[in-house]
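Quick caveat: nothing in here was measured; it's all calculated off a predicted structure. In the text below, chain A, chain B and the rest are named by the order of the sequence lines, each starting its count at 1. The analysis underlying the following values was restricted to heavy atoms, covering all of them including side chains, and did not include hydrogens, waters or symmetry mates.
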Amino acid sequence: MRDRVKLAIIGSGVTGLSVAYALANKGFADIAILEKGFLSSGASSRNGGGVRAQFTTQENIVLAKWSIQRFRMLGAELNSNFWFRQGGYLFVAESEQELSSLENAVQLQRANGLGTNMLDCGAIQEMVPEMVCATVIGGSYRKGDGVLFPFPLLYGYAENLRSRGVAIETQCEVRSISAKKEGFDLDTAKGVLHADMILNAAGGWSSQIGGMLGVTIPTHPVRHQIMVSEPLAPFLKPMIVTLKDGFYMSQGPRGELVGGVTEPEPHGDDIKKSSSQFCRQISSRIISLFPRLSSTRMMRQWGGFYDMSPDANPILDRVPGLDGAFVACGYSGHGFMISPAVGEFMSCMIMGKKPPFPTEPYGLKRFASGEIRREKLVIG
Amino acid sequence: MNKAFVCLCEDVTVEELISAIKRGYTNIEDIKRITGIGTGPCQGKQCIQIFRSLVAEQTGSVASEIPLTTLRPPSVPIEFGSWAAKEHEEGKQ
């Protein structure tokens with residue numbers, strides 16, 4: 001491993017890779033990405049691949065809208081097909097309260113240039129003929145939302161970055177960081193690395209990394225589970241989300257169903273733990289909406305986590321009081337879908353330029369001011 | 001060129017595994033994610049030992065020292081209907 005770099009990125013998840021890619025595109029490639037496990041071994045290689053701009057805060061909407069445009073081009077740029085399919089996201093309401101919260105969200109989304117529409121029960125039934133709509137009273141739908149396959153994007157980024165001289169060090173845990181007169185010394189599993197600047201992109205571990213710098217990052221990891229079924233003939237075009245219980249399900253390009261649901265019990269943060277309660281809960285929900293799937297088999301269940309911030313919006317900022325230290329975390333389950341915009345945002349900040357987005361709403365200071373707008377559409 | 005199948009569920013060949021390893025992915029979890037090995041209906045029960053031996057051979061280590069991929073439920077594919085029936089039974093207790 002090199003012993004000096006301009007920028008050390010802690011974490012090889014989609015955030016670290018996207019920021020490095022945006023920087024390399026601007027001619028800044030003197031970067032080492034430090035990863036404690038294997039490539040993208042945290043939440044990035046465990047997520048369901050959903051990509052949507054239907055959110056309830058402007059903060060998430062603008063980043064997601066920008067990102068969806070980028071995802072459309074990234075596959076060709078990286079020469080890696082990650083199967084980005086824009087079949088839309090359908091949010092389903094089963095009570096008047098849910099319906100009015102969707103109406104408010106759609107209003108905000110339309111004000112921010114998204115073509116989201118409210119659908120009545122008949123339109124939903126037409127869009128998803130296999131779904132039993134007995135409890136459904138309406139929903140919202142945006143055609144440009146969709147699903148991608150995370151692995152080819154992650155490995156596409158990694159191979160592109162390596163070919164441009166960016167070092168990606170896996171099995172290279174950062175044990176401590178000390179701020180020097182100029183830059184930082186990082187004590188890692190592969191030796192000491194001096195970096196002029198550092199970016200904390202450690203996802204579920206970002207508050208621990210913050211701790212090494214003596215800075216409080218107010219996020220914490222929460223475990224979520226997800227499952228995949230055996231493949232079926234195509235029948236489900238949009239990603240379905242029900243607001244009542246945070247259930248979501250999409251059908252992949254090979255016909256498999258991928259889905260999750262909000263679990264009632266406290267989740268903990270051990271991503272290697274599985275629960276059969278989850279399998280029972282999601283199966284019941286699937287059958288209540290799609291009785292014909294009763295004899296479809298669940299093939300595998302797995303776990304990952306959301307790095308939750310207090311308002312479920314991302315934290316993209318300089319680390320206060322430490323010149324040259326940056327943090328990008330707290331996506332609260334939406335990191336993958338907004339990663340291209342986060343890459344652009346942080347690459348500008350790191351290079352001392354103005355990001356193409358307002359910076360204050362993503363800053364750490366917002367938590368002290370008490371004026372936070374909470375993202376309500378945290379699903380799964 | 002070795003087109004022999006290692007993973008019969010996901011159609012992963014010796015050649016594809018070697019290609020991933022040659023690209024620098026020597027961790028068994030990386031190779032699983034790149035090739036899809038062991039993620040089909042048998043969940044790796046048929047291929048995991050051959051997979052480990054092959055990784056060991058290519059990386060100059062011993063098969064028993066290559067970790068297993070994470071084991072996840074269900075151990076065999078189970079119908080949504082069976083899971084849901086269990087949920088219903090427990091709900092009644």
Side-chain angles (χ1 to χ4, degrees), chain A residues 12 35 37-41 44-46 80 149-152 154-156 158-159 162-163 168 170-171 225-231 249 254 256-257 259 271-303, chain B residues 7-12 16-17 19-48 55 59 61 65-93:
Chain A
S12 73
E35 166 58 56
F38 55 89
L39 187 79
S40 307
S41 46
S44 289
S45 70
R46 301 168 185 280
S80 184
F149 189 35
F151 304 144
L154 297 164
Y155 292 107
E159 291 188 15
R162 285 195 176 112
S163 75
I168 301 178
T170 56
Q171 310 299 332
Q225 301 187 71
I226 182 167
M227 67 90 220
V228 60
S229 79
E230 62 186 325
M249 187 168 82
R254 299 196 314 171
E256 74 282 12
L257 298 168
I271 51 178
K272 293 215 165 168
K273 250 173 132 175
S274 309
S275 76
S276 57
Q277 171 55 37
F278 165 81
C279 299
R280 297 197 295 269
Q281 188 191 346
I282 192 165
S283 297
S284 296
R285 185 52 163 155
I286 289 171
I287 293 177
S288 75
L289 291 168
F290 299 94
R292 285 186 65 183
L293 295 177
S294 171
S295 58
T296 300
R297 296 176 302 172
M298 183 189 301
M299 213 158 68
R300 183 181 180 85
Q301 168 285 341
W302 73 97
Chain B
C7 172
L8 295 169
C9 302
E10 296 292 304
D11 290 356
V12 182
E16 284 172 286
L17 293 171
S19 153
I21 296 166
K22 288 214 168 120
R23 276 154 66 201
Y25 299 105
T26 53
N27 185 299
I28 200 159
E29 292 286 350
D30 269 326
I31 304 168
K32 179 179 87 183
R33 283 161 170 77
I34 286 177
T35 63
I37 186 167
T39 61
C42 97
Q43 290 290 300
K45 289 183 198 68
Q46 296 178 83
C47 64
I48 186 76
V55 174
T59 58
S61 47
E65 285 169 13
I66 306 283
L68 294 167
T69 52
T70 314
L71 297 171
R72 297 284 192 183
S75 53
V76 292
I78 292 178
E79 294 176 353
F80 290 132
S82 306
W83 284 115
K86 190 106 174 41
E87 169 89 343
H88 189 63
E89 266 171 37
E90 299 211 345
K92 271 199 271 187
Q93 280 168 6

**Study point:** Which portion of A/R162 sits near chain B, non-hydrogen atoms under 4.5 angstrom
**Key:** side chain
Review point. For the residue pair A/I287 and B/A84, what are the closest heavy atoms and their distance?
Key: CD1-CB, 3.7 Å
Review point. For A/L39, is it the side chain, the backbone, both or neither that has a heavy atom under 4.5 Å from a heavy atom of chain B?
Key: both
Practice item. Give, as side chain, backbone, both or neither, the part of A/S275 having an atom under 4.5 angstrom from any heavy atom of chain B. Key: neither
Check your understanding: Minimum heavy-atom separation for B/P74 to A/M299, with atom names?
Key -> CD-O, 3.8 Å
**Study point:** Reported CD1-to-CD distance for the pair B/I78 and A/Q301, which is rounded to 0.5 angstrom
**Key:** 12.0 Å
Exercise for review: Could you tell me whether the side chain of B/R72 reaches within less than 4.5 Å of the side chain of A/Q225, counting heavy atoms only?
Suggested key: no
Practice item. Examine whether an atom of B/S75 lies under 4.5 Å from a heavy atom of chain A, and if so say whether it belongs to the side chain, the backbone or both; otherwise answer neither. Key: neither
Review point. If you count heavy-atom pairs under 4.5 Å with chain B, which of A/E159, A/R254, A/R300, A/M227 comes out on top?
Key: A/R300
Practice item. Compare all side-chain heavy atoms of B/N27 with those of A/Q171 and state whether any distance is below 4.5 angstrom. Key: yes
Practice item. For each of A/G37, A/S283, A/S41, tally heavy-atom pairs with chain B at distances under 4.5 Å, and name the one with the top tally. Key: A/S283
Check your understanding: Looking at side-chain heavy atoms only, is the closest gap between B/D30 and A/Y155 below 4.5 Å?
Key -> yes
Check your understanding: Is the closest side-chain heavy-atom distance between B/E79 and A/S294 below 4.5 Å?
Key -> no
Exercise for review: To the nearest 0.5 angstrom, please state how far the OG atom of A/S45 sits from the NZ atom of B/K32.
Suggested key: 8.5 Å
Practice item. Go through the atoms of A/F151 and report whether side chain, backbone, both or neither lie under 4.5 Å from a heavy atom of chain B. Key: side chain
Point to revise | Region of A/L293 in contact with chain B, defined by heavy-atom distances below 4.5 Å | key: both
Check your understanding: What part of A/E230 is in contact with chain B, defined as an atom under 4.5 angstrom from a non-hydrogen atom: side chain, backbone, both or neither?
Key -> neither
Practice item. First locate atom CE of A/M298, then atom OG of B/S82, and finally report the distance between them rounded to the nearest 0.5 Å. Key: 10.5 Å
Study note, to complete from the structure: Between B/F80 and the options A/C279, A/S229, A/S284, A/P291, the side-chain contact (heavy atoms from CB on, under 4.5 Å) test singles out A/S229
